[in-house]
Amino acid sequence: METRVVFHIDFDYFYAQCEETRSPELKTKPVCVCVFSDRGGDSGAIATANYAARKYGVKSGMPISFAKKRLEGRNDAVFLPVDFDFYSEISEKAMKIMKFNADIFEYVGRDEAYLDVTKRVEGDFKKASHLAQQIKNSIREKIKLSCSIGISSNKLISKIASDYRKPDGLTVVTPDNMNEFLNPLKIRVIPGIGKKTEERFSEMGLETIQDLKKLDVFTLNKEFGRKNGAYIYNAVRGTYNEPVKEREASIQYSKISTLKKDSKDYQFLSENIIDLCKEVHGILLKNNRMFKSVGIHLIQSDLSSKSRSRMLKNPTSSLEELQKNADQLLREALENQTITIRRLGVKVTELSEVQGQSSITNYF
Ligand code: DCP
Ligand code: CA
Ligand code: CA
């Protein structure tokens with residue numbers, strides 16, 4: 001089999017870095033991006049933090065109150081609420097640059113993707129390294145973001161490599177130095193191996209990838225089941241060879257809000273739906289998109305939820321069409337409604353780009 005050249009690109013402290021691009025004065029301060037929960041106050045979790053905040057031990061998933069305690073001594077620390085729409089917008093722009101530079105492009109999430117570049121670099125890791133540097137420069141110039149790139153002949157090692165030297169890293173692992181790279185690494189770096197698995201290996205006296213190679217596939221299968229056993233066996237040998245598969249982001253635009261009061265009154269809810277539609281429509285306009293599917297989401301006072309959606313005959317960017325459909329869905333959803341509603345959401349999916357100059361006319 002020919003040697004493939006695969007990039008894994010991952011943005012550094014993504015949500016927090018997005019925040020820094022629109023408020024550069026944040027760069028010198030500890031920045032925590034928070035998912036505040038409905039309950040108010042400091043309840044909720046840290047989505048991510050910049051490196052200035054990480055120095056104090058702030059981590060993704062940590063309760064906001066813990067992070068505040070860790071940063072007590074820093075009165076310049078900033079705690080911002082997540083703004084998913086803004087991060088998606090930035091992500092979309094960055095993904096365009098990556099896609100342009102790939103033979104095969106696989107979207108993984110808002111802040112990461114795999115690129116197969118074998119053809120365009122003719123299987124040459126030197127050329128690949130230049131290409132990666134160009135992509136980094138281009139993303140920095142156009143979007144003001146830093147990312148880390150791992151290069152190897154398979155996705156798994158590229159992912160490990162992109163994480164190896166963060167932030168702003170570029171790590172190249174040629175087939176010749178693959179074992180040298182992998183052997184001393186902690187078992188934990190293998191994607192999918194969590195704390196529990198790591199502890200089990202540790203009890204067996206195994207700490208590094210080199211140690212793991214002592215285990216034959218039968219022992220691994222017995223310990224972890226056939227699928228996981230085979231995965232670990234191949235992962236540590238660099239023979240886990242999933243190809244890069246063409247995959248695009250499936251984007252949707254949505255707005256959700258908590259109502260001023262819990263209610264099941266159609267008139268009141270309808271007014272709110274109409275407003276949410278205006279907001280969603282604003283995002284569509286800004287991104288020059290048409291939609292073909294409309295959905296609404298109702299979160300009831302007992303926190304259970306209801307969704308309704310429908311596909312339209314043709315893509316459109318009309319606000320009127322959006323409001324009409326969302327409102328009809330609301331009527332349907334409210335049939336035989338017994339409990340009150342607490343939050344309402346509207347979303348559009350099946351998005352496509354509005355083409356050319358004629359786009360202006362589509363808005364009305
Ligand atoms: N995220 C989240 N909650 C988590 C983990 C992540 O909301 N428990 C979000 C916030 C991150 C984004 O996903 O910015 C990407 O996650 P990463 O794991 O790639 O972490 P970061 O990009 O924040 O940091 P790093 O520089 O380590 O990649
Ligand atoms: Ca990241
Ligand atoms: Ca990531």
Side-chain angles (χ1 to χ4, degrees), residues 6-23 26-27 29-38 42-67 70-71 77-95 97-98 105-115 132 135-136 139-140 143-152 155-171 185-186 188-196 244 247 249-251 254 256:
V6 175
F7 290 2
H8 179 254
I9 307 185
D10 187 282
F11 289 101
D12 303 322
Y13 61 105
F14 183 57
Y15 294 1
Q17 212 189 162
C18 289
E19 296 293 346
E20 288 180 0
T21 65
R22 64 174 160 189
S23 323
L26 292 175
K27 279 188 185 160
K29 304 173 180 172
V31 177
C32 302
V33 178
C34 309
V35 185
F36 290 104
S37 82
D38 251 5
D42 279 346
S43 65
I46 300 293
T48 196
N50 68 358
Y51 283 74
R54 287 183 196 191
K55 271 205 295 215
Y56 295 82
V58 176
K59 286 197 179 105
S60 294
M62 172 182 274
I64 296 165
S65 54
F66 283 26
R70 300 249 155 118
L71 286 164
V78 179
F79 296 83
L80 300 169
V82 281
D83 182 350
F84 293 118
D85 293 332
F86 179 58
Y87 312 147
S88 297
E89 241 175 70
I90 292 192
S91 168
E92 241 186 277
K93 288 184 197 149
M95 293 292 163
I97 295 176
M98 295 189 211
F105 171 81
E106 181 175 337
Y107 174 90
V108 181
R110 270 203 200 90
D111 92 320
E112 64 187 273
Y114 291 105
L115 281 60
I135 295 175
K136 279 165 78 86
I139 291 175
R140 182 180 293 285
I143 313 173
K144 312 259 172 296
L145 282 189
S146 78
C147 62
S148 295
I149 304 187
I151 307 179
S152 81
K155 291 205 299 194
L156 190 75
I157 294 169
S158 296
K159 183 160 172 75
I160 295 172
S162 74
D163 207 39
Y164 182 69
R165 211 174 267 132
K166 253 183 177 296
D168 203 16
L170 173 56
T171 303
L185 298 179
K186 287 262 184 289
R188 189 67 184 278
V189 306
I190 301 169
I193 294 202
K195 222 180 177 142
K196 281 215 177 104
V244 178
R247 195 164 99 95
S250 78
I251 331 165
S254 63
I256 189 153

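Every number for a ligand or one of its atoms is a count from 1 in the order of the listing. The first residue of the sequence shown is numbered 1, and numbering continues consecutively from there.
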Worksheet item: Can Asp12 and Ser146 be counted as having a side-chain donor-acceptor contact under 3.5 angstrom?
Response: yes
Is it true that the side chains of Asp168 and Ser148 contain a donor and an acceptor less than 3.5 Å apart? no
If we count only non-hydrogen protein atoms and require a distance under 4.0 Å, does atom 22 (O) of ligand 1 qualify as touching the protein?
yes
So the atoms of ligand 1 within less than 4.0 Å of a heavy atom of Phe14 turn out to be 14 (O), 21 (P), 22 (O), 23 (O)
Query - Pair Asp10 + Lys159: basic N to acidic O under 4.0 Å - result: no
Within 4.0 Å of some non-hydrogen atom of Phe11, the atoms of ligand 1 are 22 (O), 28 (O)
Check your understanding: Is it the case that Thr48 and Arg54 place a side-chain donor and acceptor less than 3.5 Å from each other?
Key -> yes
(request) Report yes if the distance between the aromatic ring centroids of Tyr13 and Tyr51 is under 6.0 Å, otherwise no. (result) yes
Contact region, Val33 to ligand 1, non-hydrogen atoms below 4.0 Å, reads neither
| query | Can you tell me if Tyr51 has a non-hydrogen atom under 4.0 Å from ligand 1? | reply | yes
Atoms of ligand 1 under 4.0 Å from any heavy atom of Asp111, numbered from 1 in the order shown, are 15 (C), 19 (O), 22 (O)
Under 4.0 Å between heavy atoms, the region of Arg54 that gets near ligand 1 turns out to be side chain
Heavy-atom closest pair (Cys147 atom, Ile139 atom, distance to 0.1 Å) is SG-CD1, 4.5 Å
Return yes if a side-chain donor-acceptor contact under 3.5 Å exists between Asn50 and Glu20, otherwise no. yes
inquiry  = Main chain of Tyr87, side chain of Ser91: is a donor-acceptor contact present, judged purely on distance under 3.5 Å?
reply    = no
Near the Ca ion (ligand 3) (protein N/O/S, cut-off 3.0 Å, waters excluded) we have Asp10 OD2, Asp111 OD1, Glu112 OE2
Heavy-atom proximity to atom 13 (O) of ligand 1 ranks first, among Tyr15, Tyr87, Phe84, for Tyr15
- Query: What about Ser60: any of its N or O atoms under 3.5 Å from an N or O on ligand 1?
  - Reply: no
Atom 2 (C) of ligand 1 has as its nearest protein heavy atom Ala47 O, 3.4 Å
Any heavy atom of Lys166 under 4.0 Å from ligand 1? The part involved is side chain
### Task
Look only at the side chain of Arg247 and the backbone of Tyr107, and say whether a donor-acceptor pair between them is shorter than 3.5 Å.
yes
**Asked** Would Leu71 and Cys32 satisfy side chain to side chain contact (heavy atoms under 4.5 Å, CB included), going step by step from the backbone distance to the final call?
**Response** CA-CA 10 Å; Leu71 286 164; Cys32 302; 3.7 Å; yes
By side chain to side chain contact (heavy atoms under 4.5 Å, CB included), Ala161 pairs with (sequence neighbours left out) Thr171, Val173, Phe181
Original post:
Would you say Tyr13 has any N or O atom under 3.5 Å from an N or O of ligand 1, going by distance alone?
Top reply: yes
Q. Can you find a side-chain donor-acceptor pair between Ser158 and His8 that sits under 3.5 Å?
A. no
Is the charged tip of Arg110 near the ring of Phe14: under 6.0 Å from the six-membered ring centre and within 45° of its axis? no
Q: Would you check whether Glu112 has a nitrogen or oxygen atom less than 3.5 angstrom from a nitrogen or oxygen atom of ligand 1?
A: no
The protein heavy atom nearest to atom 11 (C) of ligand 1 is Thr48 CB, 3.8 Å
